Q: 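Mind looking over this structure? Questions follow.
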Protein chains: 2
Amino acid sequence: MNIGESTISAADLDKKTVWFTGLCRERGLKVTPQRIAIYRELVKTNEHPSAEMLCEKVRQVFPSISLDTVNRTLLTLNDIGAAFIVEGSGDAKRFDGGLDEHQHFKCVKCKRVIDFSHEPFNNIEVPQEMEEMFVVLRKSVYLEGICDLCR
Amino acid sequence: MNIGESTISAADLDKKTVWFTGLCRERGLKVTPQRIAIYRELVKTNEHPSAEMLCEKVRQVFPSISLDTVNRTLLTLNDIGAAFIVEGSGDAKRFDGGLDEHQHFKCVKCKRVIDFSHEPFNNIEVPQEMEEMFVVLRKSVYLEGICDLCR
DNA sequence: TGACAAATAAGAGTAAATCCTAAATAGTAG
DNA sequence: CTACTATTTAGGATTTACTCTTATTTGTCA
């Protein structure tokens with residue numbers, strides 16, 4: 001079990017960036033400084049930021065970036081598998097650049113999304129019947145409730 | 001295993017309604033005919049309707065009901081745990097009256113949300129550590145991929 | 001280096017959800 | 001039954017989270 005915190009080293013960040021630029025090229029996507037900046041900001045944090053939150057961060061480095069670009073880019077990242085949209089309920093989309101298997105707990109009050117990793121949950125098996133009918137790309141256990149700070 | 005379809009009998013619907021009125025009273029909420037009507041319509045279907053869709057259905061019985069009331073009521077249902085919100089991919093919120101414990105599979109192409117129920121998934125256990133730190137209200141296994149129609 | 005297609009910025013546009021008001025209505029407790 | 005208070009209705013205003021359009025810029029590749 002491991003709840004919350006997890007950081008990325010500068011070395012890992014660079015490694016991820018290299019992997020990401022490769023992935024872009026592979027898919028015929030241009031490697032623009034905006035894309036890199038957005039990807040790096042996303043991967044740096046484990047806060048599952050919204051497009052809005054990321055936009056603010058990226059603006060510190062890239063003052064003229066538009067929210068639209070951030071939004072579009074995040075959807076692109078989701079399409080190519082460099083990030084994904086956290087399953088959630090209703091509000092603004094939340095993104096996750098994390099590639100390790102992990103689960104999410106979402107606080108229904110503050111909307112915070114907290115990572116956790118629990119070995120048995122990483123190993124759940126998709127039933128045969130589902131595999132036959134659908135292509136299952138991602139699986140995760142999703143918990144909702146009230147977090148430590150809100151209760 | 002059970003994918004997709006599932007209906008509710010008139011008897012079960014009534015049982016749920018009784019449970020729901022009890023829950024309302026417990027929470028000091030008035031048992032209004034609108035609330036009941038909305039709840040019953042939601043529980044009857046497994047289509048994960050939006051507020052708009054539900055409003056139309058309820059209007060067949062209750063022609064003067066306002067969309068605002070439907071919206072407000074659905075959020076109330078969510079608050080007291082009589083329903084919950086499923087991710088609507090940025091579009092309109094979709095609601096689920098949670099007939100039985102079940103899981104969701106979401107198609108990344110057509111955005112369709114498909115219910116399924118798989119005994120082992122219903123019985124997953126939340127780790128002690130999580131229970132101590134958070135109040136866990138809901139747990140589910142969430143799968144994403146490509147559905148039978150899209151692939 | 002230059003052409004071209006892709007990507008971006010800026011700003012307008014949109015749809016859903018939420019909030020506001022005020023007046024009418026209707027559960028609920030005493 | 002009555003008083004109290006929650007809830008509903010209606011219609012407009014506001015907010016949120018995108019989404020589109022158009023002109024401009026910029027990676028990429030020959």
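What you see is a predicted model, and the numbers here were worked out from it, not measured in a lab. Proteins get letters first, then strands, A, B, ... in listed order; numbering begins at 1 in each.
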Q: Side-chain N or O of Thr69(A) less than 4.0 angstrom from OP1 or OP2 on dT8(C)?
A: no

Q: Please state how far atom CG in Leu74(A) lies from atom P in dT19(D), giving the value in whole angstrom units.
A: 12 Å

Q: Counting only side-chain nitrogens and oxygens, does Arg72(A) get under 4.0 Å of the OP1 or OP2 atom of dT8(C)?
A: yes

Q: Heavy atoms under 4.0 Å, any strand shown: does Leu67(B) hit a base, just sugar-phosphate, or nothing?
A: nothing

Q: Please say yes or no: joined through hydrophobic side-chain contacts below 4.5 Å, possibly via intermediate residues, are Phe95(B) and Ile80(B) part of one cluster?
A: yes

Q: What is the separation between atom CD1 on Ile85(A) and atom P on dA17(D), rounded to the nearest whole Å?
A: 14 Å

Q: Surrounding CD of Glu131(A) (heavy atoms of other residues, nucleotides or ligands, distance under 6.0 Å), is the total greater than 12?
A: yes

Q: Are Val141(A) and Asn122(A) close enough that some pair of their side-chain heavy atoms sits under 4.5 Å apart?
A: no

Q: dC18(D) P sits how many Å from Leu75(A) CG, rounded?
A: 8 Å

Q: With a non-hydrogen cut-off below 4.0 angstrom, is Pro33(A) in contact with a base, only sugar-phosphate, or nothing?
A: sugar-phosphate

Q: Any base atoms under 4.0 Å from Arg35(B), or only sugar-phosphate, or nothing? Heavy atoms, all strands.
A: sugar-phosphate

Q: Can you find a heavy atom in the side chain of His104(A) that is under 4.5 Å from one in the side chain of Leu143(A)?
A: no

Q: Any heavy-atom pair between the side chains of Tyr39(A) and Leu77(A) that's under 4.5 Å?
A: yes

Q: Does Gln34(A) place a side-chain N or O at less than 4.0 Å from the phosphate oxygens OP1/OP2 of dA9(C)?
A: yes

Q: Measure the distance from CG on Asn71(B) to P on dT9(D) and round it to the nearest whole Å.
A: 13 Å

Q: Under a 4.5 Å cut-off applied to non-hydrogen side-chain atoms, are Ile114(A) and Phe134(B) in contact?
A: yes

Q: How long is the line joining CD1 of Ile80(A) and P of dA7(C), in whole Å?
A: 10 Å

Q: For Met53(A) and dA17(D), give me the distance from atom CE to atom C1', rounded to whole Å.
A: 15 Å

Q: How many whole angstroms separate atom CD of Glu52(A) from atom P of dT15(D)?
A: 14 Å

Q: When clusters are formed by joining ILVMFWY residues with side-chain heavy atoms under 4.5 Å apart, either directly or through shared neighbours, do Met53(B) and Ile38(B) land in the same one?
A: no

Q: Does Asp68(B) or Ser64(A) map to a spot on DNA chain C nearer the 5' end, using the closest nucleotide for each?
A: Ser64(A)

Q: Atom CD of Glu26(B) and atom P of dT28(C): how far apart are they, to the nearest Å?
A: 14 Å

Q: List, with names and distances, any nitrogen or oxygen atoms from the protein found under 3.5 Å away from nitrogen or oxygen atoms belonging to nucleotides 28-30 of chain D.
A:
| residue | atom | partner | partner atom | Å |
| --- | --- | --- | --- | --- |
| dT28(D) | OP1 | Val31(A) | N | 3.0 |

